Amino acid sequence: MRRAILQLLRCPRCRRGGLMPEHDTDVLAFGPLHCPECHASFPVTEGVADLVQESASTPLAQRGMEQRLIARSYERYVRPALQRALAAPPLDRDSEYLLYRSLLGHPEAPILDLGTGTGLFARHLAREPELPPVVGLDVSRAMLEEAVAQAREASVRVDFLRAEAPYLPFRDESLGAVLLAHSLHFIADIGRLLLEVSRVLRPGGRFVASTWLPPGRATAFVQRRAGLHPREEVELRDALSAVGLVDFARLRLPPLLVVKAEKPAR
């Protein structure tokens with residue numbers, strides 16, 4: 001993990017102090033991070049900081065993402081199969097990335113790929129030399145292990161960390177953009193997440209997210225039991241407005257819904 005990203009982190013336990021390595025270094029591959037405020041310690045392994053606290057029971061859908069077999073086959077088999085099952089629009093990966101990239105605008109500070117999974121879109125972003133550093137965050141160890149391997153194979157630089165939304169382990173106004181691609185439906189507490197997004201974005205920074213529109217009543221019951229939370233456009237628009245994010249825009253490609261909002265510039 002690069003020094004520029006380490007300097008942006010905030011302790012997930014006390015939510016006050018920064019996180020400091022034992023020794024000053026440009027790149028931290030191994031070793032603990034310490035919070036000077038609450039004295040909490042968090043491990044770093046192969047450049048990935050693990051900032052997850054003890055959590056409640058994991059929803060069924062998220063437990064599936066913890067399986068190494070799922071992680072290793074996610075980009076090639078699992079993700080396309082999920083899209084087909086949802087009757088998703090015929091967007092290939094490059095087209096989907098270009099859609100997100102156009103909505104992100106021109107970030108002037110690091111970009112967070114929230115719910116990065118195997119780092120598919122984080123790698124795309126990291127390949128663009130004019131963009132600031134890219135951080136991939138996910139709660140799944142298996143997904144992050146695959147993300148690190150994929151980034152190395154592609155020879156791109158992405159800083160990965162393990163943390164659990166809705167709380168984001170970053171300092172106030174430290175990020176230039178937040179992307180949440182095909183993961184918004186995993187978030188139960190959307191209000192808390194958007195408060196955190198608003199807090200960590202710099203003025204003028206954008207939030208771009210995609211999810212699928214709610215299905216019929218019977219399917220919705222199954223999805224809720226699995227820990228999934230698809231939402232309507234009006235719910236997302238109101239939730240974004242409630243935390244002070246403006247310039248809402250959306251693209252409906254049923255069942256896919258893509259939304260964009262930004263933090264007002266000063």
Side-chain angles (χ1 to χ4, degrees), residues 2 4-5 8 75 79 83 88-89 91-138 147 150-151 154 156-161 163 165-166 168-187 190 193-212 231 233 236-237 239-241 243-253 256-266:
R2 288 168 284 188
I5 302 303
L8 305 181
E75 291 185 20
R79 191 173 189 271
Q83 289 180 311
L91 276 180
D92 60 77
R93 291 179 186 176
D94 289 341
S95 298
E96 189 176 359
Y97 171 71
L98 287 172
L99 172 59
Y100 299 141
R101 178 66 188 90
S102 66
L103 293 172
L104 286 171
H106 303 283
E108 297 181 354
I111 303 167
L112 173 63
D113 182 24
L114 179 57
T116 191
T118 57
L120 174 61
F121 295 117
R123 296 196 305 276
H124 277 279
L125 290 165
R127 289 190 184 102
E128 299 197 28
E130 75 277 8
L131 287 179
V134 178
V135 184
L137 182 154
D138 207 283
Q150 293 271 9
V156 296
R157 190 61 182 270
V158 179
D159 292 287
F160 293 104
L161 59 91
L168 302 180
F170 295 94
R171 297 177 185 267
D172 295 357
E173 299 188 352
S174 59
L175 300 177
V178 177
L179 172 64
L180 181 56
H182 273 287
S183 298
L184 189 57
H185 37 268
F186 286 106
I187 306 298
I190 188 67
L193 174 71
L194 295 181
L195 280 170
E196 286 287 282
V197 168
S198 180
R199 178 183 66 80
V200 302
L201 278 177
R202 286 188 176 188
R206 292 186 177 184
F207 173 63
V208 175
S210 64
T211 185
W212 63 75
R231 294 176 171 91
E233 173 191 335
L236 294 175
R237 183 180 64 241
L240 289 162
S241 177
V243 300
L245 298 181
V246 299
D247 293 338
F248 175 85
R250 57 81 172 164
L251 178 65
R252 294 174 69 100
L253 296 169
L256 186 68
L257 174 65
V258 183
V259 298
K260 184 273 297 182
E262 63 183 69
K263 188 168 183 175
R266 291 199 180 101

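The shown structure was predicted, so the numbers you read here are calculated from the model rather than taken from an experiment.
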key: Student check: side-chain heavy atoms of Leu112 and Val135 closer than 4.5 Å   = yes
inquiry  = Could you measure the distance from the CG atom of Leu103 to the CG atom of Leu98? Nearest 0.5 Å is fine.
reply    = 11.0 Å
request  = List the atom of Leu8, the atom of Ala4, and the distance in Å for their closest heavy-atom pair.
outcome  = CG-O, 3.4 Å
request  = Apply side chain to side chain contact (heavy atoms under 4.5 Å, CB included) to Ile111 and Phe121, showing your working.
outcome  = CA-CA 11 Å; Ile111 303 167; Phe121 295 117; over 6 Å; no
request  = Would you name the heavy atoms of Ala165 and Ile187 that are closest together and state the gap between them?
outcome  = CB-CD1, 3.8 Å
message = Given 3.5 Å as the limit, does a donor-acceptor pair link the side chain of Ser210 with the main chain of His182, or not?
response = yes
request  = Search all heavy atoms of Gln150 against all heavy atoms of Arg123 and return the closest pair with its distance.
outcome  = CB-NH1, 3.3 Å
message = As an exercise, state the distance from CZ of Arg127 to OH of Tyr97, rounded to the nearest 0.5 Å.
response = 9.0 Å
Any side-chain heavy-atom pair of Val243 and Glu196 under 4.5 Å = no
message = Any side-chain to backbone donor/acceptor pair from Ser241 onto Arg237? Under 3.5 Å, distance only.
response = no
inquiry  = For a 4.5 angstrom cut-off between non-hydrogen side-chain atoms, does Leu253 reach Val258?
reply    = no
ask   = What is the distance from atom CZ of Arg199 to atom CZ of Arg171, rounded to the nearest 0.5 Å?
value = 10.5 Å
Leu240 side, atom CG; Phe207 side, atom CZ - distance, nearest 0.5 Å = 6.5 Å
ask   = From Ser198 OG over to Leu193 CG, what is the distance, rounded to the nearest 0.5 angstrom?
value = 11.0 Å
request  = Give the C-alpha distance, both sets of side-chain angles, the deciding distance and a yes or no for side chain to side chain contact (heavy atoms under 4.5 Å, CB included) between Leu236 and Thr211.
outcome  = CA-CA 10 Å; Leu236 294 175; Thr211 185; 4.2 Å; yes
ask   = Does CD in Glu108 sit with more than 12 non-hydrogen atoms of other residues, nucleotides or ligands closer than 6.0 Å?
value = no
inquiry  = Between Leu168 and Leu114, does the side chain to side chain contact (heavy atoms under 4.5 Å, CB included) criterion hold? Intermediate values first, please.
reply    = CA-CA 9 Å; Leu168 302 180; Leu114 179 57; 3.9 Å; yes
query = Got His106 and Glu130 here, is their nearest side-chain heavy-atom distance under 4.5 Å?
reply = no
Non-hydrogen side-chain atoms of His124 and Val156 separated by less than 4.5 Å = no
task = With the side chain counted from C-beta on, respond yes when Pro166 and Leu195 share a heavy-atom pair under 4.5 Å apart, and no when they do not.
result = no
key: Within-4.5 Å side-chain heavy-atom neighbours: Val158 and Thr116   = no
ask   = Is any side-chain heavy atom of Lys260 closer than 4.5 Å to a side-chain heavy atom of Val208?
value = yes
key: Nearest heavy atoms of Arg101 and Leu125, plus distance in Å   = CD-CD2, 4.0 Å
request  = Please name the pair of heavy atoms, one in Pro132 and one in Ala109, separated by the smallest distance, quoted to 0.1 Å.
outcome  = CG-O, 3.0 Å
query = What's the spacing between Asp159 CG and Asp113 CG if we round to 0.5 Å?
reply = 12.5 Å
message = side chain to side chain contact (heavy atoms under 4.5 Å, CB included) for Glu233 and Arg252? Distances and angles first, verdict last.
response = CA-CA 9 Å; Glu233 173 191 335; Arg252 294 174 69 100; 3.2 Å; yes
ask   = What pair of heavy atoms forms the shortest contact from Arg250 to Val259, and how long is it?
value = CB-CG1, 4.1 Å
